[in-house]
Amino acid sequence: MKPLLLSLFLLTPSLALAQDGTAVWGWEDDAITQTPAQRDTKPNWNGTTGVMWNEQPLRETLGNFARINSIGFMLDRRIDPGTPVSLDLKQVTVRDVFEQAAAQCGLGFCERETVAYLGPPDAAELLQLLIALRSEQLAKLPKAKRDAMLLPKPFRAEAFDTPVATLQRLAEETGFDGTAFDRLPHDVWLEIDFPNESACAVFSLILIGFDQTLAVSRDATKLAPIPIPRELVVVREYKGQVARQLTEAELLSLAPDASIASISQGISIETPLEQLAKIEMLIAKRTTEYNAQQRRTSTQQNPAGDALTRLQNERLTVPPFSGALDKTLKTLAERMQIELIIDEKSFAAKNVRIDTQISTSFDQATATEVFEKCLAPVGAKFRFEGETVTVFME
């Protein structure tokens, strides 16, 4: 199979109450009586809940359920919003409700951090990967436009807005010309309310319903919809414990045309877009399971459940020393009992070697201070997420 070229700028690369017939158990009872300002605005996909729905309309019912749980909801425009859904669930997670509703209706489900998307199964598989690929490409734009497209923030479109008007307004807000979105059908939609999503994700969530994705002009001034290039061959790296545990057999069962190679901290996969999307879904599922297990283990040892909290009272003192940056970071991560991921591609993009020799020392330093001091000589950044620290170049 001859790979296609992946270009930088073209992706050739009133709180609504539960309705009649709905009963909710556990902490959801309190959520129903609270105003949006009183509720926790951070989605809790793992929160315990329950529902009893009998032939309820899909979009209205799941939209209400999503709002109660501070989650944005997007039903693909190709799906009948009145599709009946019947569920009787107790002591399940919020995620389970969306998954089982989707399965009952023969739909696919894609979980963003703050948005639940339901649509055709192939679209649900592709969505997360399309957002990830587009985000990686947009990260190479000048800072102002990069931040406008990639930094998450609340997004809302009012009732009866058309997708064209919504996308053109969003394009203008992010500093682009969006007149090309006029080629899309002029549907009229209900309101859209996403608690915290990047503009890149919003564009993708709306465009997937037209079987389109986002393209940026070569001069980075215009945005336009383009058909999803399903036969595009993409190379993508996956790092971390989950990626390292995947077997070649299970990967090839999902992507028979894939070329798979081991890399530092993970795997590299080259395969057509649609096959890669299936792998992306598998990795997302395994990551959710892995993170849940890590949270359970961490909570047993530390009620706050994250490395920074666990390490907040620890201090590290080390006399002056010299060593390679990557080996130093690995030693420190082992000492802190956290997983280290180094984004080697971002280092290469800035022509910075990950084995750069550094000289430093620590005197009663916190975990954050340790990484700040080690990374200062090369100007790298880091972020803690649960029990993982990721090191990268901006």
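- Cation-pi check for K145 over F176 is met; the charged atom lies under 6.0 angstrom from the ring centroid and within 45 degrees of its normal.
- Ring pair F65/F98: centre-to-centre distance below 6.0 Å.
- There is a path of hydrophobic side-chain contacts, each under 4.5 Å, that joins L130 to V216.
- A donor-acceptor contact closer than 3.5 angstrom is absent between the side chains of T48 and Q91.
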Do Q128 and R112 pass the side chain to side chain donor-acceptor pair (under 3.5 Å) test, and can you show the C-alpha distance, the side-chain angles, and the key distance before you say yes or no?
CA-CA 8 Å; Q128 198 80 290; R112 296 284 301 162; 2.8 Å; yes
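- In terms of hydrophobic clustering, with Ile, Leu, Val, Met, Phe, Trp and Tyr side chains grouped at heavy-atom distances under 4.5 Å, L223 and I192 are assigned to a common cluster.
- What you find for S361 and P319 is that their closest heavy atoms are CB-C, 3.7 Å.
- Of all heavy-atom pairs spanning T271 and D257, the tightest one is OG1-C, 3.9 Å.
- The closest side-chain donor-acceptor pair between E237 and S268, if any, does not fall under 3.5 angstrom.
- Shown here are the salt bridge (charged side-chain N to carboxylate O under 4.0 Å, His left out) partners of D96, two or more places apart in sequence or in another chain: there are none.
- Aromatic ring centroids of Y117 and F73 lie 6.0 Å or more apart.
- Across S217 and D219, no two heavy atoms sit closer than the pair OG-OD1, 2.5 Å.
- Heavy atoms of other residues, nucleotides or ligands lying less than 6.0 angstrom from CZ of R335 number 12 at most.
- Within 6.0 Å of CD in E113 there are 12 or fewer heavy atoms belonging to other residues, nucleotides or ligands.
- Residue E172 qualifies as open at atom CD: its count of foreign heavy atoms under 6.0 Å is 12 or below.
- Residue-environment remark: CD (Q337) stays at or below the threshold of 12 foreign heavy atoms within 6.0 Å.
- The environment of R353 atom CZ is sparse: at most 12 non-hydrogen atoms of other residues, nucleotides or ligands sit within 6.0 angstrom.
- Side chain of D193 to backbone of R156: no donor-acceptor contact under 3.5 angstrom is found.
- Remark: side-chain polar atoms of Q104 are paired, donor with acceptor, to backbone N or O of S86 under 3.5 angstrom.
- A donor-acceptor pair is defined here as one N or O able to donate and one able to accept, closer than 3.5 Å; no such pair exists between the side chain of N69 and the backbone of I71.
- Between the side chain of T61 and the backbone N or O of L58 there is no donor-acceptor pair closer than 3.5 Å.
- Closest of all the heavy-atom pairs between F362 and L316 is CB-O, 3.4 Å.
- Closest non-hydrogen pair, I260 versus E248, comes out as CD1-CG, 4.0 Å.
- One hydrophobic cluster, built from ILVMFWY side chains closer than 4.5 Å, cannot hold both L340 and F392; they sit in different ones.
- Linking ILVMFWY residues whenever their side-chain heavy atoms come closer than 4.5 Å, directly or via other members, leaves I341 and I338 in distinct clusters.
- Across E344 and S264, no two heavy atoms sit closer than the pair OE2-OG, 3.0 Å.
- The local environment of NZ in K373 is crowded, with over 12 non-hydrogen atoms from other residues, nucleotides or ligands closer than 6.0 Å.
- Within a 6.0 Å radius of NZ in K239, other residues, nucleotides and ligands contribute more than 12 heavy atoms.
- The distance between the ring centers of F181 and F203 falls below 6.0 angstrom.
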